[in-house]
2 protein chains.
Amino acid sequence: MKNTIAVLKAIADDTRLKIIRLLLQHNYCVGALARRLELTEAAISQHLKVLREADLLVGERRGHFMHYDVDRKQLRALISEFEELAAIQREGCQPKKEGCMQKKREKCRVHESGKECPEEVRFACHGPRADEKENLHNGHCNCHES
Amino acid sequence: MKNTIAVLKAIADDTRLKIIRLLLQHNYCVGALARRLELTEAAISQHLKVLREADLLVGERRGHFMHYDVDRKQLRALISEFEELAAIQREGCQPKKEGCMQKKREKCRVHESGKECPEEVRFACHGPRADEKENLHNGHCNCHES
DNA sequence: CCTTTAATTAAGTAATTACTTAATTAAAGG
DNA sequence: CCTTTAATTAAGTAATTACTTAATTAAAGG
């Protein structure tokens, strides 16, 4: 799936979810959708555009009328993404093995002196910065509980 | 699931989806999430509130720290909702059997006279109003193609 | 108690979104 | 061609959202 967030945003709207439900059942034209959902055709057209750009719909012209179909492949792709998400396992925290600096954490009383946190204790107290990926255990393990 | 749209809206945000991914792996406190996502704790706290109110998270206080957990039941419930959606079958349109008024449709030239659409042809031309659920075939079948 | 700390809430702002009406586009068909 | 029709796009608006900084709350611990 190209852009999961765009697909989710597209589907996370009451009107658009109703449109998807309707189009899964029948091949409604834009006017029919507008009548059923009691909105203007312009509003429906704009919603259809959002869904189309998220690859959730494919449109087909039939004479004067545009008929839209749900791309069921994309729906299934979304389900797969969620299944992958739900399958993420909890990683157990092993402070000692991973070098979590429990002791240094206790030393952090920087604000008393009004000074900047010295590098020696900054990491232990405030955890890794975005660019420090090595130690992932500050802030989420039991170090805090001591 | 109580409110599918609220759950979808909660999850359909880049930052919040990242929070969910992180919390599925580890028990991060709010500050740790803020550091990793390079946002203020206030911003994270507000996102956590959205997720909490969608029942996607449960929080637990540990001393000074709040630790949040993803409610995996809710994730699975969301997957079920999507599977139900994807399982909706296309209903074939049977105009004759269902009394679709193909003939009357052709008579609709109301706008020529500048008059209101007479009730006799209104339904056929413009389809059922929201309160007319009996005939679901105007606007989505091949009637238009004739 | 009093101070520190982590998290939340309040207040404000810029960007986005969901609609409206009006204008435009494009196919159908005399 | 010219008109009709269905759909889309343009322009504008009110509501919502994602953030910020500042103020508040609540537990921890000397």
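All figures in this text were calculated on a predicted structure; none of them were measured in a lab. We name chains A, B, ... by the order of the sequence lines, and we start the count at 1 in each one. The basis for the numbers below is simple: all heavy atoms, side chains too, and nothing from hydrogens, waters or symmetry mates.
Axis angle, first five pairs versus last five pairs of the helix from C:dC1-D:dG30 to C:dG30-D:dC1: 20°, rounded to 10°.
Residue A:Glu41 places no side-chain atom within donor-acceptor reach of the base of D:dT5, judged by atom type and a 3.5 Å distance cut-off alone. The base of C:dT20 lies close enough to the side chain of A:Gln46 for a donor and an acceptor atom to sit less than 3.5 Å apart.
The side chain of B:Arg16 has D:dA18 as its nearest neighbour among D:dT9, C:dT9, D:dA18. Distance from the side chain of B:Lys9 is smallest for C:dA18 among the nucleotides D:dA7, C:dA18, C:dT21. Closest contact between the side chain of B:Thr15 and the listed nucleotides D:dA7, C:dT8, D:dC19 involves D:dC19. Ranking D:dA18, D:dT8, D:dT20 by closeness to the B:Asp13 side chain, first place goes to D:dA18. Each of D:dT20, D:dA7, C:dT8 was ranked by its minimum atom distance to the side chain of B:Leu48; first place goes to C:dT8. The side chain of A:Ser45 lies closest to D:dA7 when the candidates are D:dT17, C:dT21, D:dA7. Nearest nucleotide to the A:Ala43 side chain, out of C:dA6, C:dT20, C:dT9: C:dT20.
With A:Gln74 contributing its side chain and A:Ala54 its backbone, the two residues share a donor-acceptor pair below 3.5 Å. Between the side chain of B:Arg16 and the backbone N or O of B:Val50 there is no donor-acceptor pair closer than 3.5 Å. Under the 3.5 Å distance criterion, the side-chain polar atoms of B:Glu60 are left unmatched by any main-chain donor or acceptor of B:Val58. Panel note: side chain B:Gln89, backbone B:Ala87; a donor-acceptor pair is recorded below 3.5 Å. Listed for the A:Glu41 side chain is no donor-acceptor partner under 3.5 Å among the backbone atoms of A:Arg35.
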Working note: A:Val70 + A:Leu75, criterion side-chain contact (heavy atoms from CB on, under 4.5 Å); need CA distance, chi angles, decisive distance, verdict. CA-CA 8 Å; A:Val70 177; A:Leu75 267 192; 4.2 Å; yes

Check the pair B:Ile88, B:Leu85 against side-chain contact (heavy atoms from CB on, under 4.5 Å), reporting the backbone distance first and the verdict last. CA-CA 6 Å; B:Ile88 293 176; B:Leu85 187 74; 4.1 Å; yes

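The residue among A:Arg61 and B:Tyr68 whose nearest nucleotide of DNA chain C lies closer to the 5′ end is B:Tyr68. When the nearest nucleotides of DNA chain D are assigned to A:Met66 and B:His47 by heavy-atom distance, the more 5′-ward of the two goes with A:Met66.
Distance NE2 (A:His67) to C1' (C:dA27): 14 Å, rounded to an integer number of Å. B:Glu38 has its CD atom 13 Å from the P atom of D:dC19, to the nearest Å. Per the geometry, CD belonging to A:Glu60 stands 19 Å off P belonging to C:dA26, to the nearest Å. A:Phe65 has its CZ atom 14 Å from the C1' atom of C:dA26, to the nearest Å. Per the geometry, CG belonging to A:Leu51 stands 14 Å off C1' belonging to C:dT17, to the nearest Å. Taking atom CD1 of A:Ile44 as the reference point, atom C1' of C:dT20 lies 13 Å away to the nearest angstrom. A:Ile11 has its CD1 atom 18 Å from the C1' atom of C:dT17, to the nearest Å. One interatomic measurement links the two molecules: CD of A:Glu53 to P of C:dA18, which rounds to 13 Å at whole-angstrom precision.
A salt bridge is defined here as a Lys NZ or Arg NE, NH1 or NH2 lying under 4.0 Å from an Asp or Glu carboxylate O, and A:Asp69 with B:Arg90 meets this definition.
Contact annotation: B:Arg52 reaches the phosphate of C:dT8 (side-chain N/O to OP1 or OP2, under 4.0 Å).
Here B:Leu39 lies in heavy-atom contact (under 4.0 Å) with sugar-phosphate atoms only.
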